[in-house]
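For reference, the structure is listed below as structure tokens.
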Amino acid sequence: MRPLLILRPEPGASATAARAGTIGLGAMVRPLFEVRPVRWSAPVASLFDCLLLTSANAARLGGAGLAEYRRLRVFAVGDATADAAAMAGFADVVAGATDVATVTGLMANAGHKNVLYLAGRDRTTFAVPPFHLHVVTVYESETLPPPDIGEPAVAMLHSARAARRLAAILPRKSSVTIVAISQAVADAAGPGWQSVTVAVEPTDGAMLALAASLCKTQDD
């Protein structure tokens, strides 16, 4: 059975590895990035009627400034982000779908006009519905030295940035099978891999289910 290569930053990497262990997969945790908080100034809370979070990192690393906005409703992309918001002290959290377009559509349909988006420095752009979106960077991902990947493996890619990074640092791609969280991530990985497969939905669980099958079959 091929090992599973987990490249996402901590603490997500260890969480994925723990889930992999429950389904009998041997995981190699090799983060490509380290997520760190950045200093930020909190805009006046009264200017906004809701908060957008697309990553659990914003809630985990936002720091003391988050307290300014706990009266606001939070729209969170994905259950993990919603859980992190709740742990950070937000009481009114709407757990939306795993894609930001659906969540911003929910916000627009609810009549929100002035939205504060707490985000990472490196983020994917998206179409903004007809409301004012104010973006504040509260965390960043720093590139780590290239990890040792010395054997054929099934690699999970959770972001386009990770896909581009892995493609750049891996001299031989033909023995690595990619499990991508989305088609956009698969496209970012580029050509040359043994195979590239997209999970049926953009969740850790769906990626692991696919990886379990591939780890067992790629060497058959």
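Checking side-chain atoms of R70 against main-chain N and O of A88 turns up a donor-acceptor pair under 3.5 Å. Looking only at distances, a side-chain donor or acceptor of T104 sits under 3.5 Å from a matching main-chain atom of A101. Panel note: side chain S213, backbone L210; no donor-acceptor pair is recorded below 3.5 Å. Side chain of N114 to backbone of F131: no donor-acceptor contact under 3.5 angstrom is found.
Scanning both residues, A162 and L32, for their nearest heavy atoms gives O-CD1, 3.6 Å. Among all heavy-atom pairs drawn from R8 and A13, the shortest one is O-CB, 3.1 Å. Heavy atoms only, all atoms of each residue included: I169 and P147 are closest at CD1-CD, 3.7 Å.
Separating the CG atom in L118 from the OG atom in S55 is a distance of 11.0 Å, to the nearest 0.5 Å. With rounding to the nearest 0.5 angstrom, the CD atom of E68 is 11.0 Å from the OG atom of S41. In this structure, CG in L157 is found 11.0 Å from CZ in R164, a value given to the nearest 0.5 Å. Between R30 atom CZ and L5 atom CG the span is 7.5 Å, to the nearest 0.5 Å. A distance of 10.0 Å separates CG of L4 from CG of L214, quoted to the nearest 0.5 Å. Taken from CZ in R19 to CD1 in I6, the straight-line distance is 9.5 Å, to the nearest 0.5 Å.
Considering L52, L133, V74, L51 in turn, L51 is the only one that fulfils the side-chain contact (heavy atoms from CB on, under 4.5 Å) rule with L116.
The hydrophobic cluster containing V135 does not contain V44, counting ILVMFWY residues as joined when their side-chain heavy atoms lie under 4.5 angstrom apart, directly or transitively. In the hydrophobic clustering of ILVMFWY residues, with side-chain heavy atoms under 4.5 Å counting as a link, Y117 and V128 come out together. Linking Ile, Leu, Val, Met, Phe, Trp and Tyr whenever their side-chain heavy atoms come within less than 4.5 Å puts V35 and V136 in one cluster. Linking ILVMFWY residues whenever their side-chain heavy atoms come closer than 4.5 Å, directly or via other members, leaves V77 and V138 in distinct clusters. At a threshold of 4.5 Å between side-chain heavy atoms, the hydrophobic network of Ile, Leu, Val, Met, Phe, Trp and Tyr places V154 and V29 in two separate groups.
Side-chain atoms of D122 and S141 form no donor-acceptor pair, as typed in the model, at a separation below 3.5 Å. R123 and T137 share a donor-acceptor pair across their side chains, judged by distance under 3.5 Å alone.
Residues E34 and P9 fail the side-chain proximity criterion, which asks for heavy atoms closer than 4.5 Å. Counting heavy atoms from C-beta outward, D204 and L208 have side chains that approach closer than 4.5 Å.
Residue pairs meeting the ring-ring contact (aromatic ring centres under 6.0 Å, His included) criterion with at least one member in residues 27-82, sequence neighbours excluded, are F48-H134, F75-H112.
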